[in-house]
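This report refers to the structure that appears directly beneath it.
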Protein chains: 2
Amino acid sequence: MHYFSIMSENEICSWLTKQLRLYIPVTDEDAVNIAALFRCRKVGKGEFLLKEGQYGDWWGFVYQGLLRSYSHDAEHAEYTNAFFKEESFTCELVSFSGAAVSQTNVVALEDSLILCLDKKNLDSLFRNHPDFERFGRLLYEKILVSYKQRNLFRVRLNARERYLHFLKNEPELIKRVPLKYIASYLSVTDTSLSRIRRKMQQSVR
Amino acid sequence: MHYFSIMSENEICSWLTKQLRLYIPVTDEDAVNIAALFRCRKVGKGEFLLKEGQYGDWWGFVYQGLLRSYSHDAEHAEYTNAFFKEESFTCELVSFSGAAVSQTNVVALEDSLILCLDKKNLDSLFRNHPDFERFGRLLYEKILVSYKQRNLFRVRLNARERYLHFLKNEPELIKRVPLKYIASYLSVTDTSLSRIRRKMQQSVR
DNA sequence: CTGATTTCTTGCCTTAAGACAAGCGCAAAC
DNA sequence: GTTTGCGCTTGTCTTAAGGCAAGAAATCAG
């Protein structure tokens, strides 16, 4: 499955470079300097990468593992915002901007390794590498598109369609995430999701 | 109310500079050069700033007026994504990135003036003014935060709470936008919104 | 293996919101 | 003025999804 490996400087550097080069050119020399600003955080299954009330003043890239971001509604029920698997970017932008503490928890569903870049280091990168500012802009642009798509699909589809959409687009997560969290991600109760699944099985037979 | 004025170069420049300086420093000289890349679009009430199937390859800043962004769900019902009033930023990022044509329409609810920056001009700004890249990053960061907040409130609140939230946060729009569009923005039918309003009035008496 | 905890399913009943259709009030167009 | 159309309300009926509670199945800990 997913092992809890220890990373060498070299591994970190080459992995990060690969991510950065999806958006901007990076010289091998710059890559080393940039990678040096990251720190690697281990988060064991059930442990928290970020808790409500803390400031999430860093960018994170999931190298290995799987995490779940959730918050609470007025009635204290949990609501799953997102899952972060390998190569996912994670940042609690509300608290990142420093305006307020995080209302969101990020907990590991599997033992995970996250490469984190603290805001102060990030700011120095922005100052010293104009290309990095570009990386940030492009990264945010991509996330905005996916937010918008998700928002749409969540509002316009009914519970069954949302589940089908998830099945189609995240087949891998189905195996790795307990159904109750998938339910809460899809804004359904686990009870309802269970019924939806039963009906789908019946219609297949 | 909202007049359909003609803008001078000077007006455009000083208004834009004010917007930019919320995020980055801009010299008066740069301001003139930047403003020259914008064009001013008039969109009369009921006319479209963007239609499904077009490429929205520009950034827009609403100088005056009010617009509504909407798309269609599977059953061809309308769904309102957003309202853009004075000082709002509007960009159809899905089609901006060039990946696909817009699935979204943007129509004017009032006569409007929008300052538009075409993607090719935007790209040249990004290349020549590193600060502008920063502006883009910060702008996107802010929008991401508001998307996330909106997503949360839309999923976690029931119809009545969503309406109350809107009342509290957008009191001005209530007066300027027909209720049926507010309903569709809140993911309720106009019928249900009407009932919600009646119940609220009854409980006040 | 055994007991405990968590995850998932199911039945019964309730409820929030939608579908449809009729009608009212108002403002613009003729 | 009358007519037309739009925005909003209301009544009746239907439906998708939730609340609660019990139990099955799977997983975990000792």
Side-chain angles (χ1 to χ4, degrees), chain A residues 1-2 44-47 66 68 70 73-80 83 107-111 153-167 173-205, chain B residues 1 44-46 66 68 70 73-80 83 107-111 153-167 173-205:
Chain A
M1 286 289 289
H2 297 274
K45 181 176 176 175
E47 292 173 0
L66 179 61
R68 178 175 79 98
Y70 68 95
D73 66 16
E75 284 82 32
H76 302 288
E78 273 185 18
Y79 163 72
T80 298
F83 301 106
V107 64
L109 294 177
E110 302 171 0
D111 291 342
F153 106 80
R154 190 137 59 159
V155 167
R156 307 204 306 196
L157 306 183
N158 64 26
R160 182 170 166 279
E161 290 165 333
R162 292 201 296 277
Y163 178 63
L164 285 171
H165 186 277
F166 188 86
L167 269 183
L173 285 184
I174 294 281
K175 297 168 210 147
R176 293 169 72 183
V177 179
L179 279 178
K180 62 173 183 174
Y181 297 138
I182 292 175
S184 120
Y185 177 76
L186 298 173
S187 307
V188 213
T189 56
D190 52 350
T191 313
S192 289
L193 182 57
S194 177
R195 284 192 251 265
I196 287 164
R197 285 161 53 85
R198 179 178 40 166
K199 277 184 198 153
M200 282 172 51
Q201 284 197 335
Q202 285 171 350
S203 64
V204 163
R205 277 175 200 157
Chain B
M1 285 287 290
K45 181 174 175 176
L66 180 61
R68 178 175 79 99
Y70 68 94
D73 65 17
E75 284 81 32
H76 302 289
E78 273 187 16
Y79 163 71
T80 297
F83 301 106
V107 65
L109 294 178
E110 302 171 1
D111 291 342
F153 106 79
R154 189 136 60 160
V155 168
R156 306 204 307 197
L157 305 183
N158 63 25
R160 183 171 165 278
E161 291 165 333
R162 291 201 295 278
Y163 177 62
L164 286 172
H165 186 277
F166 188 86
L167 269 184
L173 285 184
I174 294 280
K175 299 168 210 150
R176 293 169 71 183
V177 179
L179 280 178
K180 61 174 182 176
Y181 298 137
I182 292 175
S184 121
Y185 177 76
L186 297 173
S187 307
V188 211
T189 56
D190 51 349
T191 313
S192 289
L193 182 56
S194 176
R195 283 194 248 267
I196 287 164
R197 285 160 54 86
R198 179 178 41 166
K199 276 184 198 154
M200 282 172 51
Q201 284 199 334
Q202 284 172 350
S203 65
V204 164
R205 280 176 200 157

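Here is how names work: the chains are called A, B, and so on, in the same order as the sequence lines, proteins then strands, and each is numbered from 1. In what follows, every heavy atom counts, from backbone to side chain, and hydrogens, waters and symmetry copies are set aside.
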Any A/Thr189 side-chain N or O less than 4.0 Å from OP1/OP2 of D/dA17: no

I need the minimum non-hydrogen distance between [X] and [Y], along with the two atoms involved.
X	Y	result
B/Leu167	B/Met200	CD1-CE, 4.0 Å
B/Leu186	B/Arg162	O-NE, 2.7 Å
B/Leu173	B/Ile182	O-CD1, 4.4 Å
B/Ser187	B/Tyr79	OG-CE1, 3.9 Å

Side-chain H-bond candidate by donor/acceptor type, B/Tyr185 with B/Arg68, under 3.5 Å: no

Whole-Å distance between [N] [atom2] and [X] [atom1]?
X	N	atom1	atom2	result
B/Arg156	D/dG18	CZ	P	16 Å
B/Asn158	D/dA16	CG	C1'	16 Å
A/Arg160	D/dA17	CZ	P	10 Å
A/Lys45	C/dT5	NZ	P	17 Å
A/Ile174	C/dC8	CD1	P	11 Å
B/Lys199	C/dT15	NZ	C1'	10 Å
A/Met200	C/dT10	CE	P	14 Å

Relative orientation of the end axes in the helix from C/dC1-D/dG30 to C/dC30-D/dG1, expressed as an angle to the nearest 10° (five pairs per end): 50°

Straight-line distance of [X] [atom1] to [Y] [atom2], nearest 0.5 Å:
X	Y	atom1	atom2	answer
A/Arg195	A/Asp190	CZ	CG	10.0 Å
B/Arg176	B/Phe83	CZ	CZ	11.0 Å
A/Asp111	A/Leu66	CG	CG	11.0 Å

Full working for side chain to side chain contact (heavy atoms under 4.5 Å, CB included) between A/Tyr70 and A/Tyr181: CA-CA 9 Å; A/Tyr70 68 95; A/Tyr181 297 138; over 6 Å; no

Protein proximity profile, nucleotides 5-14 of chain D - base contact B, sugar-phosphate-only contact S, no contact -, cut-off 4.0 Å on heavy atoms: --SSBBBB--

